[in-house]
Amino acid sequence: MYRPCIASFEAELQEPETSTMGSNLKDDFEPYWEDEKNWLCTVEFLPRDDPEARSFSVEIIGYLFGYAHLTNTRSLALLGDPDANAYELLFSFSSPEEKEQFLDLVRANDDMGNDYIENDFMSPTTEEIMKARPLAMALPEDVVTHTTLIAASLCAGTELDRTASKAR
């Protein structure tokens, strides 16, 4: 059965949109995570003029994103300081145990460790939590692609370890 398209493009032009991974998404949803209580926040700089520093920061974000996925942790982001290309990464934990697992994974990472936990994590403000969005809506596309690959590799490696231990 044929159904004619009766979409109106006028309303879409008036609503704010966010470009994400080649598609346009309306940013008109309420941040349902604003009532969550257990948060950590860190800032990563993504300089455009220093490829080595940018690559290192992207790897850190990828590890954090992977650790969040492994521990059932919500991960969000927002642009903190556009002039400095500083992005805030927010993590919300559904339990103290998941938070501790997340921090254990950070501690075990040679590039982060206890130093990262003590010096880089802080509590976000209510305003930051309300402004935060999923990573793909806040971070540059090249960063999302790279961090997703790192996170997927971490998760796949962990899943392979679990499968191997079950087979024994």
Side-chain angles (χ1 to χ4, degrees), residues 18-21 23 25-48 50 53-162:
T18 303
S19 179
T20 302
M21 302 291 288
S23 65
L25 301 173
K26 291 183 185 72
D27 191 14
D28 59 355
F29 61 89
E30 290 295 318
Y32 54 88
W33 48 79
E34 68 185 41
D35 293 330
E36 294 174 5
K37 304 290 182 224
N38 200 355
W39 289 89
L40 285 177
C41 176
T42 187
V43 176
E44 288 295 332
F45 295 88
L46 297 169
R48 290 188 182 98
D50 187 347
R54 184 179 179 90
S55 179
F56 183 77
S57 290
V58 169
E59 286 187 26
I60 295 295
I61 295 169
Y63 282 115
L64 292 170
F65 182 45
Y67 300 157
H69 185 74
L70 289 170
T71 59
N72 193 33
T73 299
R74 181 185 314 282
S75 52
L76 302 166
L78 68 132
L79 180 59
D81 181 354
D83 294 332
N85 291 309
Y87 290 83
E88 295 181 38
L89 307 170
L90 288 77
F91 302 95
S92 172
F93 306 93
S94 57
S95 74
E97 295 79 21
E98 288 173 351
K99 181 178 183 178
E100 195 54 41
Q101 289 174 345
F102 177 86
L103 293 173
D104 285 345
L105 291 167
V106 172
R107 276 186 202 96
N109 185 310
D110 291 338
D111 289 326
M112 291 188 272
N114 274 328
D115 220 27
Y116 195 89
I117 293 169
E118 292 170 12
N119 299 317
D120 292 288
F121 281 126
M122 62 197 110
S123 294
T125 66
T126 303
E127 182 181 355
E128 290 167 327
I129 292 169
M130 291 182 67
K131 286 183 178 181
R133 296 291 178 255
L135 299 181
M137 292 179 73
L139 297 174
E141 186 175 344
D142 66 311
V143 174
V144 171
T145 301
H146 195 133
T147 58
T148 302
L149 290 172
I150 292 169
S153 297
L154 278 173
C155 295
T158 304
E159 198 56 41
L160 290 174
D161 291 344
R162 287 184 199 154

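Aromatic ring orientation, F102 versus F91: tilted (interplanar angle from 30° to 60°).
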- Audit row: D142, H146, side-chain contact (heavy atoms from CB on, under 4.5 Å) steps and yes/no: CA-CA 6 Å; D142 66 311; H146 195 133; over 6 Å; no
- Q101 and N72: side-chain contact (heavy atoms from CB on, under 4.5 Å), yes or no, with the steps? CA-CA 10 Å; Q101 289 174 345; N72 193 33; over 6 Å; no
- Going through the checks in order, is the side-chain contact (heavy atoms from CB on, under 4.5 Å) test met by F93 and T73? CA-CA 5 Å; F93 306 93; T73 299; 3.4 Å; yes
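A distance of 10.0 Å separates CG of L79 from NZ of K131, quoted to the nearest 0.5 Å. The line from CG of N109 to CD1 of I60 is 5.5 Å long, rounded to the nearest 0.5 Å. Taken to the nearest 0.5 Å, the CZ atom of R107 stands 10.0 Å off from the CG atom of L105. The CG atom of L149 sits 11.5 Å away from atom CG of L154, with the distance rounded to the nearest 0.5 Å. T71 contributes atom OG1, which lies 12.0 Å from atom NZ of K99 (distance to the nearest 0.5 angstrom).
With T42 contributing its side chain and L89 its backbone, the two residues share no donor-acceptor pair below 3.5 Å. R54 contributes a side-chain N or O that, together with a main-chain N or O of L46, makes up a donor-acceptor pair within less than 3.5 Å.
Looking at heavy atoms from C-beta onward, F56 lies out of side-chain contact with D50 at the 4.5 angstrom threshold. The shortest side-chain heavy-atom distance between L78 and L90 falls under the 4.5 Å cut-off. Within the 4.5 Å cutoff, the side chain of V43 has no heavy atoms near those of the D120 side chain. A heavy-atom distance below 4.5 Å is not found between the side chains of F65 and I150. Counting heavy atoms from C-beta outward, D104 and E100 have side chains that approach closer than 4.5 Å. A 4.5 Å side-chain heavy-atom check between Y116 and L64 finds at least one atom pair inside the cut-off.
Of the candidates L139, V143, I61, L139 is the only one forming a side chain to side chain contact (heavy atoms under 4.5 Å, CB included) with Y87.
In summary, R74 and E98 do not engage in a salt bridge, as defined by a charged side-chain N under 4.0 Å from a carboxylate O.
Other residues, nucleotides and ligands contribute at most 12 non-hydrogen atoms within 6.0 Å of the OH atom of Y63. For H69, the NE2 atom sits in a loose shell: 12 or fewer heavy atoms of surrounding residues, nucleotides or ligands are nearer than 6.0 Å.
S75 and L135 get closest at one heavy-atom pair: OG-CD1, 4.0 Å. A pairwise comparison of heavy atoms in E88 and C41 identifies OE1-SG, 3.8 Å as the closest pair. Residue A132 comes nearest to L76 through the heavy atom pair CB-CB, 3.7 Å, listed as atom of the first residue, atom of the second, then distance. When all heavy atoms are compared, the tightest approach of P47 to A53 is CG-CB, 3.9 Å.
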